[in-house]
Amino acid sequence: MATPRLRSRTTEQAEDPLHFEAGQVGVLIIGYLLISLLVVTVVLAVTAVYIDHKKLLSVADGAALAAADDYSIDVGGRSAAGDGTTSPLPILEGAGVEQSTAGYLAATGAAARFDELSIDPSTGAPDGRTARVILTAVVHPPIINALVPDGIPIVARADARAQLVR
């Protein structure tokens, strides 16, 4: 009877085509984990910026409404019907809109909720009847704050029209 020929372990590994694949799965898993962490980090940062922008927009809306309520009345205004009669019209002043906005921000404590919150110089009343409020702030998203140390600037604009109703 013939004795079976014994092969060395290295000879078996060299002939096995799957042996060359050994260890590659670990590299793929690490790569997929890194990509997943990167995606989660980016989604988290974008979500933080989006939520802070919506919060700033809400504050700007409230400030615009408060500013639109701070009007004076022009008793010599023209009628909306165009029939030559006069009716009182609300009049807004740019400086008054800015003062009302600053008062609203102070009353609501908005400066404590946002970094570098400021009123844009273009805040005012462009047509004398619409209060335009433009606020700027800076968002510091989590995790990637080291990559963007100055933060990401956000801007919110809101308009509110002063109107008299019978």
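Side chains included, hydrogens not; waters and symmetry mates left out as well; all remaining heavy atoms used.
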Connected via hydrophobic side-chain network under 4.5 Å: [X] and [Y]:
| X | Y | result |
| --- | --- | --- |
| Val133 | Ile119 | yes |
| Val139 | Leu57 | no |
| Val148 | Phe114 | yes |
| Val49 | Ile144 | yes |

What pairs meet the salt bridge (Lys or Arg N to Asp or Glu O under 4.0 Å) rule with one or both residues in [range], with sequence neighbours excluded?
| range | answer |
| --- | --- |
| residues 51-70 | none |
| residues 111-122 | none |
| residues 132-156 | Arg132-Asp159 |

What are the two closest heavy atoms between [X] and [Y], and how far apart are they?
| X | Y | value |
| --- | --- | --- |
| Pro88 | Ile73 | CB-CG2, 3.5 Å |
| Val138 | Gly151 | CG1-CA, 3.6 Å |
| Ala67 | Ala131 | CB-CB, 3.9 Å |
| Pro90 | Ala162 | CG-O, 3.4 Å |
| Leu105 | Val59 | CD2-CG1, 3.4 Å |

Donor-acceptor contact below 3.5 Å, side chain His53 vs main chain Val155: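 Such a contact is found between His53 side chain and Val155 backbone.
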
Could you grab the distance from atom [atom1] of [X] to atom [atom2] of [Y], nearest 0.5 Å is fine?
| X | Y | atom1 | atom2 | answer |
| --- | --- | --- | --- | --- |
| Ile91 | Asp74 | CD1 | CG | 4.5 Å |
| Thr136 | Leu56 | OG1 | CG | 8.0 Å |
| Leu135 | Tyr104 | CG | OH | 10.0 Å |
| Glu93 | Ser72 | CD | OG | 5.5 Å |
| Ser100 | Leu65 | OG | CG | 11.5 Å |

Return all side-chain donor-acceptor pairs below 3.5 angstrom for residues 31-45, not counting sequence neighbours, or 'none' if the list is empty.
{"from": "Ser36", "atom 1": "OG", "to": "Tyr32", "atom 2": "O", "distance (Å)": "2.8"}
{"from": "Thr41", "atom 1": "OG1", "to": "Leu37", "atom 2": "O", "distance (Å)": "2.7"}

Evaluation steps, side chain to side chain contact (heavy atoms under 4.5 Å, CB included), between Leu164 and Tyr71: CA-CA 10 Å; Leu164 295 177; Tyr71 57 84; 3.3 Å; yes

side-chain contact (heavy atoms from CB on, under 4.5 Å) against Pro149, all qualifying residues, sequence neighbours excluded: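 Pro149 satisfies side-chain contact (heavy atoms from CB on, under 4.5 Å) with no residue once adjacent residues are dropped.
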
Under the side-chain contact (heavy atoms from CB on, under 4.5 Å) test, residues paired with Asp127 that sit two or more places apart: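 Here the qualifying residues are Arg129, Thr130, Arg161.
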
